[in-house]
Amino acid sequence: MAALLVSLDARAGGPLVDVQSVDPTIVVELRYAGRNNLIGHPLYPSGTRARARPEVASALAVAQAFLRRYQCGLKIWDAYRPVTVQAELWKASRNSDYVANPGIGVGSLHSWGIAVDATLVDTWGRPVLMPSDFDDFTPAAMWRYAGSSAEIRAHVRLLQYAMYKAGFWGLRTEWWHFTIADWQKYLPPEKAKIAGKVLGTRWDGRL
C-alpha cells in the first residue's frame with residue numbers, strides 16, 4: 001500500500017508553484033503543518049509551502065485582487081496535499097462526505113494540485129467571522145450558510161463570489177474548499193472519465 005501511495009503521488013503532483021511566489025499578499029496558514037487540525041499533530045514537514053498548479057495559483061491572485069476592493073484577502077489553509085497525507089486523513093475520519101478515500105477513483109483533488117482550502121482575512125491579516133473553523137464536520141460547514149448572522153453570511157458570500165469570479169467551484173459540504181473549474185483537464189483521460197462531475201457548486205446568486 002505504501003508503494004502504491006508513493007506511485008500515486010508521483011503521478012498526481014505535476015508542475016507546482018508556491019502560491020505566495022505568485023502573490024505574496026495571500027496569507028498562508030497550512031493547518032496540516034501544525035497541530036491545529038483533526039489529527040492533532042503535523043502531517044507536513046516544517047517549512048512546507050502552499051503549492052498548486054500554476055493556473056490555480058494565478059487564479060488565486062485574481063481572487064485576491066477582487067477581495068482587496070472589499071478590504072479583505074485570502075488565507076490558504078491547504079493546497080497541494082500528498083496522497084500519503086490524504087491516506088492519514090482518511091484513516092482518521094472514514095467520512096467520505098468530507099474526506100476523499102485516496103484508494104478510490106481520483107482520490108482528493110488536492111493531491112492533483114487543483115484544489116485549495118481558503119478563508120477570509122481582513123486587511124491586517126486577521127481572520128474574519130466565518131460559518132465554522134477548518135475541517136468542521138458539522139452542518140455549519142455546508143456551502144450554503146443557513147445561520148442567523150448577517151455578518152457571517154456576507155463574509156462567506158464574498159469569499160464564494162471572489163472564487164467564482166476567479167474560476168473556481170465550491171464543494172457542497174465544505175464552504176472553504178475550492179476546485180479550479182476546468183479540473184478535469186489536469187487528470188489523465190481515464191481518471192477524468194471515472195471521476196465524472198465533481199460534487200461542486202457554482203455561485204448562483206448576487207453579491
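Position 1 is the first residue of the sequence, and the numbers go up from there. Remember, predicted model here, so these are calculated numbers, not experimental data.
Scanning for salt bridge (charged side-chain N to carboxylate O under 4.0 Å, His left out) contacts around Arg69 gives an empty result, with sequence neighbours left out. Under the ring-ring contact (aromatic ring centres under 6.0 Å, His included) criterion, Phe134 pairs with Tyr32, Trp77, Trp176, not counting sequence neighbours. For Ala52, the side-chain contact (heavy atoms from CB on, under 4.5 Å) partners at least two apart in sequence or on another chain are Val19, Val56. Considering only residues two or more places apart in sequence or on other chains, Trp175 meets the side chain to side chain donor-acceptor pair (under 3.5 Å) condition with Ser132. Taking Thr123 as the reference, Gln71 meet the side-chain contact (heavy atoms from CB on, under 4.5 Å) condition, with sequence neighbours excluded. With sequence neighbours excluded, no residue forms a salt bridge (charged side-chain N to carboxylate O under 4.0 Å, His left out) with Arg153. Ala79 is linked by a side-chain contact (heavy atoms from CB on, under 4.5 Å) to Ala50, Ile76, Val116, counting only residues two or more places apart in sequence or in another chain. Residues that satisfy the salt bridge (charged side-chain N to carboxylate O under 4.0 Å, His left out) test with Arg31, not counting sequence neighbours, are Glu29, Asp133. Every residue meeting the side-chain contact (heavy atoms from CB on, under 4.5 Å) condition with Val27, not counting sequence neighbours, appears here in chain and number order: Lys75, Val121. Partners of Asp23 under the salt bridge (charged side-chain N to carboxylate O under 4.0 Å, His left out) rule, at least two apart in sequence or in another chain, are Arg68.
The nearest pair of heavy atoms linking Leu67 to Gly73 is CD1-C, 4.0 Å. Nearest approach of Leu16 to Gly113, heavy atoms of both residues: CD2-CA, 4.0 Å. For the residue pair Pro54 and Pro15, the shortest heavy atom distance occurs at CD-O, 3.3 Å. Minimum interatomic distance between Cys72 and Leu158 (heavy atoms only, all atoms of both residues): SG-CD2, 4.0 Å. Between Ala166 and Ala59, the closest heavy-atom pair is CB-O, 3.2 Å. Pairing each heavy atom of Ala162 with each of Phe66, the nearest pair is CB-CD2, 3.5 Å.
Atom CD in Gln86 sits 10.5 Å away from atom CG in Leu43 (nearest 0.5 Å). Gln160 CD to Tyr145 OH: the interatomic distance, rounded to the nearest 0.5 Å, is 12.5 Å. Atom CD in Glu88 sits 10.5 Å away from atom CG in Leu38 (nearest 0.5 Å). The CZ atom of Arg49 sits 8.5 Å away from atom OG of Ser21, with the distance rounded to the nearest 0.5 Å. To the nearest 0.5 Å, atom CZ of residue Arg81 and atom OG1 of residue Thr48 are 13.0 Å apart. Between atom NE2 of residue His177 and atom CG of residue Leu109 there is a gap of 6.0 Å, rounded to the nearest 0.5 Å.
Follow the hydrophobic side-chain contacts under 4.5 Å out from Val22 and you never reach Tyr80; the two are in separate clusters. Residues Val62 and Ile180 are members of separate hydrophobic clusters, defined by side-chain heavy-atom contacts under 4.5 angstrom among Ile, Leu, Val, Met, Phe, Trp and Tyr. Cluster annotation: Ile152 and Tyr161 are assigned to the same hydrophobic cluster (Ile/Leu/Val/Met/Phe/Trp/Tyr, side-chain heavy-atom contacts under 4.5 Å, transitive). There is no path of hydrophobic side-chain contacts, each under 4.5 Å, that joins Leu30 to Val17.
The closest donor-acceptor contact from the side chain of Gln64 to the backbone of Thr25 lies under 3.5 Å.
Using a 4.5 Å heavy-atom cutoff, the side chains of Ile114 and Asp182 are not in contact. Inter-residue side-chain proximity for Leu171 and Trp143 is flagged as unmet; no heavy-atom pair is nearer than 4.5 Å.
By the 4.0 Å N-to-carboxylate-O rule, Asp18 lies too far from Arg51 to be salt-bridged with it.
The salt bridge (charged side-chain N to carboxylate O under 4.0 Å, His left out) analysis of residues 119-129, with sequence neighbours excluded, yields the pairs Asp122-Arg126. Pairs passing the side chain to side chain donor-acceptor pair (under 3.5 Å) check and including a residue from residues 35-44, sequence neighbours excluded, read Tyr44-Asp78.
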* Please report the C-alpha distance between His110 and Val85 in whole Å, then the side-chain angles of each, then the deciding distance to 0.1 Å, and finally whether the side chain to side chain contact (heavy atoms under 4.5 Å, CB included) criterion is met. => CA-CA 11 Å; His110 280 282; Val85 172; over 6 Å; no

* Step by step, would you call Tyr186 with Arg53 a side chain to side chain contact (heavy atoms under 4.5 Å, CB included)? -> CA-CA 9 Å; Tyr186 299 101; Arg53 295 269 184 171; 4.2 Å; yes

